[in-house]
Protein chains: 2
Amino acid sequence: MSSIGIKDVAAIAGVSITTVSRALRNPGRVSEATREKVLAAVNKAGYTPNKFGVGLRTAKSGNIVAIIPDVSDSFNFGVIRAIGRAANKQGYSVLLGDTHGSEERERAYADMVKSRHADGVILFSQHLPFEIEADKPAAQQLPPLVNSCEPVPMPGIPTVTIDNTAAAGEATAHLIGLGHKNIAVITGNMDSPSSRDRLQGFRRAMQAAGLAVNERYIVNGKYTVESGHQGTNQLLLRRDRPSAIFCFSDEMALGCYSSLQEHGFGVPGDMSVMGFDDIHYARHFSPPLTTVAQPVEDIGTHCVDLLLKVMNGDQLDKDLYILPHKLVVRGSTAPLRQ
Amino acid sequence: MSSIGIKDVAAIAGVSITTVSRALRNPGRVSEATREKVLAAVNKAGYTPNKFGVGLRTAKSGNIVAIIPDVSDSFNFGVIRAIGRAANKQGYSVLLGDTHGSEERERAYADMVKSRHADGVILFSQHLPFEIEADKPAAQQLPPLVNSCEPVPMPGIPTVTIDNTAAAGEATAHLIGLGHKNIAVITGNMDSPSSRDRLQGFRRAMQAAGLAVNERYIVNGKYTVESGHQGTNQLLLRRDRPSAIFCFSDEMALGCYSSLQEHGFGVPGDMSVMGFDDIHYARHFSPPLTTVAQPVEDIGTHCVDLLLKVMNGDQLDKDLYILPHKLVVRGSTAPLRQ
DNA sequence: TTGAAAGCGCTAACAT
DNA sequence: ATGTTAGCGCTTTCAA
């Protein structure tokens with residue numbers, strides 16, 4: 001834990017500290033010979049530039065904060081990992097901003113940009129943890145920010161997401177194609193745009209097939225395993241049961257499975273189950289879950305790339321980046337038994 | 001994104017920057033009146049101290065790196081969350097150091113302490129990403145470091161873990177108590193101390209019950225869902241099948257379930273399954289998984305508390321902190337069918 | 001109780 | 001191609 005500074009390296013190499021700095025950042029502006037001398041000295045001394053010194057000069061921390069309401073969700077978590085990988089590749093580190101649903105913590109993380117703790121923010125919630133003055137355009141008052149998965153209803157904020165409406169529509173169409181007419185839905189948090197969009201997609205697909213939506217079949221979940229379990233319980237209680245359940249997240253589908261199994265229903269024999277997200281576990285559910293895959297890796301890469309552009313002051317050609325989803329048919333959906 | 005500094009606050013409050021600094025850090029050494037004046041100015045200006053300035057002076061970043069080989073594991077992930085919560089409570093942020101198994105990244109994260117990017121390290125792997133000179137005590141050459149879950153075989157490094165041997169023993173005893181004699185094991189990574197300890201615990205419990213261990217029943221997994229699936233496939237192939245499978249992680253148990261289901265085996269009717277970790281999903285498996293719960297929240301808190309002590313230069317009374325585990329009996333284990 | 005001034009480690013403008 | 005020097009924002013002696 002010694003404190004090797006640029007001075008020590010300069011001394012060893014027999015050059016000025018400026019030359020050391022240049023050899024490291026701007027190799028082109030230093031002669032080949034000195035550069036090698038410096039590099040050798042760096043190695044010998046075991047020198048790593050002090051972030052504070054660098055940061056104070058450059059006003060760049062090399063950090064990105066990812067603000068997430070709930071990291072315990074496998075899907076969010078997959079995106080985080082992807083973001084981490086992409087950020088690392090670009091020389092950035094990711095600060096994990098799990099807010100545990102607290103607005104106070106959300107604000108604390110947001111403040112990290114102000115305190116230069118981080119250079120930019122990737123936001124996973126529809127809630128903007130920044131104060132906006134109504135009379136100015138929002139985008140200009142915000143720190144470098146990219147919004148992921150849950151589109152903030154505000155223009156000028158770059159957003160990376162999928163077409164939730166279309167995706168839910170395809171999922172629904174798949175069930176309809178299997179002959180299902182009585183299709184239930186367990187939604188996510190209804191204050192989240194993603195869940196509202198998915199519900200809309202479902203309704204449209206039903207309508208397009210000339211099928212009526214039974215409002216009693218629409219149960220409010222919260223994207224969590226527990227809520228999937230409860231939602232399914234609720235649906236099974238009904239005299240007229242659905243033949244298929246569309247869960248707006250794979251986590252809820254897991255809860256759905258456990259409720260069905262508890263009550264003696266087989267999947268997909270007695271009930272078809274459709275998920276959303278394609279989390280890592282989905283293919284290992286018993287039976288493997290039919291679901292809509294979100295391009296987690298792509299989302300992460302895009303978020304980071306965009307954020308770096310914003311941080312760099314680049315002009316973006318558009319705000320909204322819609323990435324392709326994909327219906328993944330596995331064993332949890334089957335033709336309606338007549 | 002303006003740049004409000006201590007100077008601005010000082011100007012607004014009509015005091016020197018020294019006084020502003022003191023009012024914020026050392027409120028006792030400033031008169032009540034001026035403190036209020038300063039605080040008001042801080043609020044008005046929307047001032048947040050610049051981390052670099054502070055850090056340069058204090059040589060403290062307020063960051064902790066958690067170095068993890070694979071965050072996608074739900075168990076590791078639970079610990080990370082707990083660490084995040086605990087760290088936040090103490091005013092620290094957590095840098096997510098997912099190494100994706102790469103030693104290079106591991107080293108990069110370890111270097112963050114040297115570059116003052118972080119003040120300390122929490123390590124989740126048995127591999128020390130630091131160069132140690134053999135002739136000096138290791139602990140003195142290391143940055144503030146706490147080791148979690150996978151004890152590093154090196155004295156002087158504070159470690160937070162559970163008694164894996166005892167825990168696996170209890171799990172095994174539970175199966176034996178249900179009448180099982182032919183018990184198979186799917187291990188984790190065998191280069192991990194945790195897996196080795198668990199295997200030892202298994203062997204001891206079998207021996208204590210006077211039961212022979214069939215070496216063919218011991219399959220090497222990797223703690224992943226996939227390896228649990230493959231391991232189970234392998235076991236089912238055998239002419240003499242076990243009646244119970246002890247998976248050294250819940251993730252593997254999930255893979256085990258899916259293999260069993262694929263091949264028409266019911267849990268626990270045809271096969272009892274025991275997990276390890278008690279990840280969030282375990283209770284929602286179908287059937288709910290019998291497993292050994294690790295005290296994730298406690299592990300996280302202890303890691304952070306210890307690390308802060310180490311960073312603070314406090315003398316620790318011991319190196320090894322063994323936290324209590326707990327056998328959680330759910331529906332995946334049942335008495336042996338005669 | 002308060003302020004002036006030095007300096008933490010580094011980069012970049014300017015000088016050579 | 002290299003060196004000198006100012007200063008990033010802050011805390012902390014030291015002096016008043």
Side-chain angles (χ1 to χ4, degrees), chain A residues 1-39 41-42 45-63 91 111-119, chain B residues 1-39 41-42 45-63 91 111-119:
Chain A
M1 290 288 55
S2 48
S3 204
I4 300 140
I6 199 170
K7 271 184 301 200
D8 306 289
V9 179
I12 296 178
V15 296
S16 76
I17 60 167
T18 310
T19 304
V20 175
S21 174
R22 268 201 284 255
L24 261 29
R25 316 255 157 209
N26 255 336
R29 301 164 53 127
V30 158
S31 82
E32 176 76 12
T34 36
R35 205 188 60 218
E36 277 173 20
K37 236 184 347 185
V38 170
L39 256 37
V42 164
Y47 169 69
T48 315
N50 178 316
K51 275 274 163 187
F52 298 128
V54 179
L56 203 48
R57 283 298 311 200
T58 63
K60 297 213 174 324
S61 68
N63 288 153
D111 271 352
M112 287 187 161
V113 182
K114 242 170 69 180
S115 67
R116 299 286 177 207
H117 207 119
D119 305 329
Chain B
M1 287 288 50
S2 50
S3 204
I4 300 140
I6 198 170
K7 272 184 301 204
D8 306 289
V9 179
I12 297 178
V15 294
S16 76
I17 59 166
T18 312
T19 305
V20 174
S21 175
R22 270 202 283 258
L24 260 30
R25 315 257 157 209
N26 254 334
R29 299 165 53 131
V30 157
S31 82
E32 175 75 12
T34 36
R35 204 187 63 219
E36 276 174 21
K37 234 183 349 186
V38 170
L39 257 37
V42 165
Y47 168 69
T48 317
N50 177 316
K51 275 275 162 187
F52 297 128
V54 179
L56 203 48
R57 286 296 311 202
T58 63
K60 297 212 173 326
S61 69
N63 286 153
D111 272 352
M112 288 187 161
V113 181
K114 241 169 70 181
S115 67
R116 300 286 177 207
H117 207 118
D119 304 328

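Throughout, protein chains are lettered first and strands after them, A, B, ... in sequence-line order, and every chain is numbered starting at 1.
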Counting only distance, no hydrogens or angles, is the base of [N] paired donor-acceptor with the side chain of [X] under 3.5 Å?
X	N	result
B/R116	C/dG9	no
B/T19	C/dT1	no
A/S21	C/dA12	no
A/R57	C/dG9	no

Please report, rounded to the nearest Å, how far the [atom2] atom of [N] is from the [atom1] atom of [X].
X	N	atom1	atom2	value
B/K7	D/dG7	NZ	P	10 Å
B/R35	C/dT2	CZ	C1'	16 Å
A/L24	C/dC10	CG	P	10 Å
A/D8	C/dG9	CG	P	9 Å
B/F52	D/dG7	CZ	C1'	16 Å
A/K60	C/dC10	NZ	C1'	15 Å
A/R29	C/dT11	CZ	P	13 Å
A/H117	D/dC10	NE2	C1'	16 Å

Notebook entry, point to check: Which of the following nucleotides, C/dT11, D/dC10, C/dG9, is nearest to the side chain of A/L56?
Noted result: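 Nearest listed nucleotide: C/dG9.
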
Notebook entry, point to check: Taking the side chain of A/T18 as heavy atoms from C-beta outward, which of C/dG9, D/dC10, C/dA12 is closest to it?
Noted result: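 Closest nucleotide among those given: C/dA12.
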
Phosphate contact ([N] OP1 or OP2) by [X] side-chain N/O below 4.0 Å:
X	N	answer
A/T34	D/dA1	no
B/S16	C/dG3	yes
B/S31	C/dT2	yes
A/R22	D/dA1	no

We want to know whether [X] and [Y] form a side-chain donor-acceptor pair, criterion being a heavy-atom distance below 3.5 angstrom.
X	Y	result
A/S21	A/T18	no
A/S61	A/D119	yes
A/D111	A/H117	no

Margin query: Quick check: do B/L24 and B/V42 have side-chain heavy atoms less than 4.5 Å from each other?
Written below: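 SC-SC contact between B/L24 and B/V42 confirmed.
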
Notebook entry, point to check: If we only count heavy atoms from C-beta on, is the B/R116 to A/P49 side-chain gap below 4.5 Å?
Noted result: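 No. Closest side-chain heavy atoms not under 4.5 Å.
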
